[in-house]
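Structure first, commentary second.
By convention in this document, chain letters (A, B, ...) are assigned in the order of the sequence lines, proteins followed by strands, and residues within each chain are numbered from 1. Only this structure's heavy atoms are used, side chains among them; waters, hydrogens and symmetry mates stay out.
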There are 2 protein chains.
Amino acid sequence: MDLSKNEEDYLKALFYLIVESENDKTSTNQLAEYLGISPASVNGMLKKLRTKKLVDYQKYGKLHLTEQGRAIAVQLVRKHRLWETFLYDKLGFSWDEVHEVAEQLEHIQSEKLIRKLDAFLEHPSNDPHGAVIPTEEGEYRIPPKKTLAEVPAGDFCKLVSVKDSSVAFLQYVTKLGLALSSRIRIVERISFDDSLIIEFDGKQVQITRKFAENVFVV
Amino acid sequence: MDLSKNEEDYLKALFYLIVESENDKTSTNQLAEYLGISPASVNGMLKKLRTKKLVDYQKYGKLHLTEQGRAIAVQLVRKHRLWETFLYDKLGFSWDEVHEVAEQLEHIQSEKLIRKLDAFLEHPSNDPHGAVIPTEEGEYRIPPKKTLAEVPAGDFCKLVSVKDSSVAFLQYVTKLGLALSSRIRIVERISFDDSLIIEFDGKQVQITRKFAENVFVV
DNA sequence: TTAATAATTTAGTCTTAACTAACAAAATTT
DNA sequence: AAATTTTGTTAGTTAAGACTAAATTATTAA
């Protein structure tokens with residue numbers, strides 16, 4: 001099945017909304033909002049994707065991805081994350097720069113390219129944000145997530161990804177000096193305002209609870 | 001200046017036709033033929049490119065690229081050839097597979113990506129087909145073609161193409177074990193009969209002058 | 001220099017994927 | 001249960017960029 005960049009973007013957005021909400025469905029308006037496209041336009045595209053048996057819904061009903069639609073979306077996620085890994089590991093892009101470029105690269109059509117890239121990167125399991133890279137066979141499971149806010153005082157943990165991946169947040173993280181796989185120790189919890197003091201790379205910083213809740217760790 | 005994939009393809013085609021013919025101009029029909037698009041459609045796009053000051057022509061006249069159009073085209077060629085080099089050198093694609101994928105990759109918009117890629121590949125000067133890679137500054141000159149017969153003794157060179165592509169000659173080349181981009185050293189020139197001894201892949205063979213004159217190198 | 005041929009342009013159509021405005025159905029309030 | 005609000009759909013428009021057919025200009029041959 002050969003899809004346009006556009007159709008691929010719809011599938012990816014659907015996948016994102018469905019997986020994020022862990023709800024197995026989403027709605028026209030939500031999708032329109034996410035893509036920044038009018039609901040009317042989205043409605044038109046959904047009709048098309050339905051005739052291609054990639055999404056599944058009836059008039060005024062909720063949207064689901066078909067098996068095939070889901071499979072294609074998973075492969076797009078795989079491509080996106082492999083490219084992010086390439087940009088980060090091999091080309092020295094920073095953490096917050098990889099997404100935008102990978103957004104373009106993921107649409108390149110060549111199975112061989114992805115297989116070779118995967119091998120070149122030595123079959124990575126996580127992208128630079130710590131997200132799991134689906135396998136070639138389409139296996140994709142989301143590991144249970146834990147935030148920095150849940151780690152007991154005194155314990156160590158490792159940064160693997162962030163919840164809010166806005167540029168502003170990512171830049172703040174970078175400015176703090178926190179990098180992917182930074183080893184972090186919880187020095188103290190301030191019960192007064194729920195902030196916490198953490199230590200990494202030999203320095204201590206104080207962060208708010210809101211910040212801690214945005215940082216996923218292992 | 002932000003161009004669509006389409007506009008970029010037109011500029012690249014124009015550049016190809018103009019540079020190949022070494023004529024500094026081309027025509028609507030020639031361009032249409034090359035792109036596999038009807039002359040009428042090409043005419044429409046040319047109008048658009050003219051208003052963007054990327055091509056230069058008047059009604060019923062010959063087509064030229066403007067300085068800016070040429071500069072953009074050169075950068076596309078640069079991107080294309082850097083990606084081909086990446087696919088060949090790093091991912092292990094064969095030389096006849098790289099073009100199709102590079103055709104897609106060249107449209108990725110990110111100056112940083114190209115700079116980083118160039119550095120990662122250690123600033124290659126030639127792509128896997130032996131073609132020159134334009135510099136970041138847009139310098140692009142086609143070097144005069146050189147045959148194996150012109151390489152001084154002791155020097156290294158790389159096979160890029162052949163002059164005589166008869167089956168007999170190609171079979172002989174293959175039998176010798178010479179492949180595209182084989183790294184060759186000129187061991188010795190026998191002045192008696194102008195034959196030369198070359199070394200590649202750790203083995204030495206003797207070839208006639210006639211043979212050497214049929215092999216282009218870089 | 002006129003006729004024939006080739007090259008180029010114009011005019012009008014099609015498809016895709018966006019849009020707005022108006023309408024219809026579903027969900028929520030009162 | 002009726003009114004209101006939210007959500008989803010339809011209809012009609014627009015912009016690219018392709019197309020064909022027809023018209024125009026250039027070039028070549030007679």
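Remark: P of C:dA18 and CG of A:Leu31 are 11 Å apart, rounded to the nearest angstrom. Atom CG in A:Asn43 sits roughly 15 Å away from atom P in C:dA24 (whole-Å rounding). Regarding A:Leu35, its CG atom lies at a distance of 13 Å from the P atom of C:dA17, rounded to whole Å. With rounding to whole Å, A:Leu49 atom CG is found 13 Å from C:dT16 atom P. Atom-to-atom, CG of A:Leu46 to C1' of C:dT16 comes out at 15 Å; the value is rounded to the nearest Å. Whole-Å rounding puts the B:Leu63 CG to C:dT9 C1' distance at 13 Å. Rounding to whole angstrom units, OH of residue B:Tyr57 and C1' of C:dT8 are separated by 10 Å. Rounded to an integer number of Å, the gap from B:Asn29 CG to D:dT27 P is 13 Å.
When the side-chain nitrogen and oxygen atoms of A:Lys5 are compared with OP1 and OP2 of C:dA17, none of them lie within a distance under 4.0 Å. Here A:Lys59 reaches the OP1 or OP2 of D:dT10: one of its side-chain N or O atoms lies under 4.0 Å away.
For residues 53-72 of chain A, no pair satisfies side chain to side chain donor-acceptor pair (under 3.5 Å), with sequence neighbours left out.
Of the possible polar contacts, none joining the B:Glu100 side chain to the B:Glu97 backbone as a donor-acceptor pair under 3.5 Å is found.
By the 4.5 Å heavy-atom criterion applied to side chains, A:Ile184 and A:Val151 are not counted as neighbours.
Taking the ring centroids of A:Tyr140 and A:Phe15, they lie under the 6.0 Å cut-off.
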Are there any protein N/O atoms within less than 3.5 Å of an N/O atom in nucleotides 14-24 of chain D, and if so, which ones and at what distance?
| residue | atom | partner | partner atom | Å |
| --- | --- | --- | --- | --- |
| D:dG17 | OP1 | B:Ser4 | OG | 3.3 |
| D:dG17 | OP2 | B:Lys48 | NZ | 2.2 |
| D:dA18 | OP1 | B:Asn6 | OD1 | 3.0 |
| D:dA18 | OP1 | B:Asn6 | ND2 | 3.2 |
| D:dA18 | OP2 | B:Tyr10 | OH | 3.2 |
| D:dC19 | OP2 | B:Ser38 | N | 2.9 |
| D:dC19 | OP2 | B:Ser38 | OG | 3.0 |
| D:dC19 | OP2 | B:Ser41 | OG | 2.6 |

Start with the C-alpha gap between A:His80 and A:Asp127, add the side-chain angles, then the distance that decides, and say whether side-chain hydrogen bond (donor to acceptor under 3.5 Å, both in side chains) holds. CA-CA 9 Å; A:His80 183 96; A:Asp127 75 8; over 6 Å; no
Please output the side-chain donor-acceptor pairs of residues 130-138 of chain A that fall under 3.5 Å, not counting sequence neighbours, one pair per line with the distance.
| residue | atom | partner | partner atom | Å |
| --- | --- | --- | --- | --- |
| A:Thr135 | OG1 | A:Glu137 | N | 3.3 |
| A:Thr135 | OG1 | A:Gly138 | N | 3.3 |
| A:Thr135 | OG1 | A:Glu139 | N | 3.0 |

